[in-house]
Protein chains: 2
Amino acid sequence: MEKDGERAEGRKGIERELKRGSLELIVLHLLAPGEAYGYEIVSKLTEETGGSLEVTDGTLYPVLYRLERAGFVSVRWETPQRGVPRKYYRLTAEGRAELAALTQEWTTFAKAMAKLLRPAREGK
Amino acid sequence: MEKDGERAEGRKGIERELKRGSLELIVLHLLAPGEAYGYEIVSKLTEETGGSLEVTDGTLYPVLYRLERAGFVSVRWETPQRGVPRKYYRLTAEGRAELAALTQEWTTFAKAMAKLLRPAREGK
DNA sequence: CCAGATACCTTGTTACGCAAGGTATCTTTC
DNA sequence: GAAAGATACCTTGCGTAACAAGGTATCTGG
């Protein structure tokens, strides 16, 4: 029945697109204070943004894999006394450099957008 | 031997990804003051952002087509006294509403990102 | 009539975010 | 000690958007 009941594509899809290219930065940023494991990163993000930015683990793992492959994070397995093994990720020096670079790029982009969107416009 | 001579994957690709989902908003915004034709929009964007945000016409036309299809812009052909025919785009009422909605969504997203990235962190 | 400029349009590639589904390990309960 | 549930990691397939590259049509100037 729900022919386009929850389609509402216009609304839902935008956020996904906006997140594009920002996720890598987000993850690097969340790793800045210290190491963390996959599931932890997911909940950290939800928590720190009050739920306004979220990812599922299925989204996160490919990102982490990319980061590892690029040498931006190092990986360590640890089995806690209680619970299943966890894979801890930690920024490398290159990762920190990348974090700084991406933060810069994101900020530049956001500023350009903000300036463009600012309605103020003195007569030409 | 240019193994990855001009690939420079990391750097070039990011901006493209960041633009994702923002282009539609950008175009709607550029149409807000009044109608414009395709090529004009391309140069308006380059001009207004001092070149920090750019699109090629091959990127723009699909966007315009989407907007037209969604009813956010109306279209009018005009052949100027000198030169080739031009296709002028103008915001519809729905287009204006969409512009407002997207601006809102973009701002919300940008604020969430900015807050996350802000390093300041008072001891909990 | 031919070269060049203007303007519009199409196709194929690439990459990413995501939902859905899958695997493995540990804990609890009976 | 088997079943059920929780935790955590990983993979596959899909949709979509930005872009480069290439194509078409119209007008202007020599």
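These values consider heavy atoms only, across backbone and side chains, with no hydrogens, waters or symmetry-generated copies. Order of the sequence lines sets the chain letters (A, B, ...), proteins ahead of strands, with each chain counted from 1.
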Contacts of A:D57 and A:P85 projected onto DNA chain C by closest heavy atom; the upstream (5') one is A:D57

Donor-acceptor under 3.5 Å (A:H29 side chain, A:L99 main chain)
no

Within this structure, what is the OH-OG1 distance for the pair A:Y61 and A:T56, rounded to the nearest 0.5 Å?
10.5 Å

For A:E15 and D:dA17, give me the distance from atom CD to atom C1', rounded to whole Å.
17 Å

Here the distance between atom C1' of D:dA18 and atom CG of B:L53, to the nearest Å, is 13 Å

What is the distance, to the nearest angstrom, from the NZ atom on A:K87 to the C1' atom on D:dC9?
8 Å

Within the structure shown, what part of the strands sits under 4.0 Å from B:G58 by heavy-atom distance: base, sugar-phosphate, or nothing?
base

Compare the minimum distances between each of D:dC10, D:dC9, D:dC19 and the side chain of A:Y89, then state the nucleotide with the smallest one.
D:dC10

Basic-acidic side-chain contact under 4.0 Å: B:K19, B:E17:
no

Examine D:dA18: is either OP1 or OP2 under 4.0 Å from a nitrogen or oxygen in the side chain of B:R66? Give yes or no.
yes

Against the side chain of B:V63, the closest entry in D:dC9, C:dA15, D:dA18 is D:dA18

A:Q81 near the nucleic acid: base, sugar-phosphate alone, or nothing, with a heavy-atom cut-off under 4.0 Å?
sugar-phosphate

Atom CG of B:L60 and atom C1' of C:dT10: how far apart are they, to the nearest Å?
14 Å

For atom CG of B:L23 and atom C1' of D:dT16, their distance in whole Å:
13 Å

Taking OH from A:Y39 and C1' from D:dA6, how many angstroms apart are they, rounded to a whole number?
9 Å

OP1 or OP2 of D:dT11 under 4.0 Å from side-chain N/O of A:Y61:
no

Please check if B:V27 and B:V75 belong to a single hydrophobic cluster, counting links between Ile, Leu, Val, Met, Phe, Trp and Tyr side chain heavy atoms closer than 4.5 Å.
yes

OP1, OP2 of D:dA18 versus side-chain N and O of B:T59: anything below 4.0 Å?
no

What's B:Y65 touching, base or sugar-phosphate or nothing? Going by heavy atoms closer than 4.0 Å.
nothing

Which residue, B:S22 or A:E40, contacts DNA chain D at a nucleotide closer to its 5' end, judged by nearest heavy atom?
A:E40

Return the 5'-most residue of the pair A:T79, A:T56 with respect to DNA chain C, ranking by each residue's nearest nucleotide.
A:T56

Spacing of A:R16 atom CZ relative to D:dG15 atom C1', expressed in whole Å
7 Å

I want to verify a distance call: between D:dA18, D:dA8, C:dA7, whose nearest atom is closest to the A:V84 side chain?
D:dA8

For the side chain of B:R20 and the base of D:dT16, is some donor closer than 3.5 Å to an acceptor across the two?
yes

If you round to the nearest 0.5 Å, how far is CD of A:E47 from CD of A:E54?
12.0 Å

Atom CG of B:L64 and atom C1' of D:dA17 are separated, to the nearest Å, by 14 Å

Can you name the nearest heavy-atom pair linking A:V73 to A:T92, along with the distance?
C-CG2, 3.8 Å

Under 4.0 Å: is that the gap between some side-chain N or O of B:R82 and OP1 or OP2 of D:dG29?
yes

